[in-house]
Amino acid sequence: WSEYLTIARLKQDPEGFSMEFAPVSAPFGAGVLLDFASTDNYLALIVADNGNLWTFDMVDGSATWWDQGIGPGGPVYAWSIAWAGQEVDVLVNGQPWSTTLSNPPAAGLVVNGSSMLFERITWQP
């Protein structure tokens, strides 16, 4: 549970990361950390209960939410992420999304103002 956007970052950045979550509360927002240079510079991809994917882009301490379009349906959200240098490919319930990163690749869980049950968390170093 988190009242605000909260990140649980892995200490070692993997080449692959996967997990599933099911919302415990509504409204909800949760997803994954994609890159991280500092608490002032990172990028997360989040699915919201309205069905949209959003990026939370923190640049020099200033946060911007960017709408990434309609996301996959739930009620369980299965995520698979693969990094190749500054490129990242994400699958959410089989729906692809990708981008070029501005910061070093990083992985972790993200919760935004909701309660989540994360399961089947795996990573490849």
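As the structure is a computational prediction, the values presented were derived from the model and not from experiment. Index from 1, following the sequence.
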Expected output: side-chain [X] to main-chain [Y] donor-acceptor under 3.5 Å:
X   : Y   : result
S62 : D60 : no
W83 : L34 : yes
N93 : P72 : no

Decide whether [X] and [Y] are clustered together by the hydrophobic rule: side chain heavy atoms of Ile, Leu, Val, Met, Phe, Trp, Tyr closer than 4.5 Å, transitively.
X   : Y    : result
M19 : V92  : yes
F56 : V111 : no
V47 : L5   : no
I81 : F118 : yes

Does the side chain of [X] come under 3.5 Å of the side chain of [Y] through a donor N or O and an acceptor N or O?
X    : Y   : result
N103 : N41 : no
T100 : Q86 : no
E20  : W79 : no
S114 : S25 : no

query = Can you name the one residue among D35, T99, L43 that meets side-chain contact (heavy atoms from CB on, under 4.5 Å) with V88?
reply =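 For V88, the side-chain contact (heavy atoms from CB on, under 4.5 Å) check succeeds only for T99.
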Measuring from [X]:[atom1] to [Y]:[atom2], what's the distance to the nearest 0.5 Å?
X    : Y    : atom1 : atom2 : value
E119 : I121 : CD    : CD1   : 9.0 Å
I46  : Q68  : CD1   : CD    : 11.0 Å
D67  : N52  : CG    : CG    : 4.5 Å

task = Would you please classify the geometry between the Y77 ring and the F28 ring as parallel, tilted or perpendicular, with 30° and 60° separating the classes?
result = tilted
key: Heavy-atom side-chain contact between L10 and W123 under 4.5 Å   =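 Answer yes - side chains close enough.
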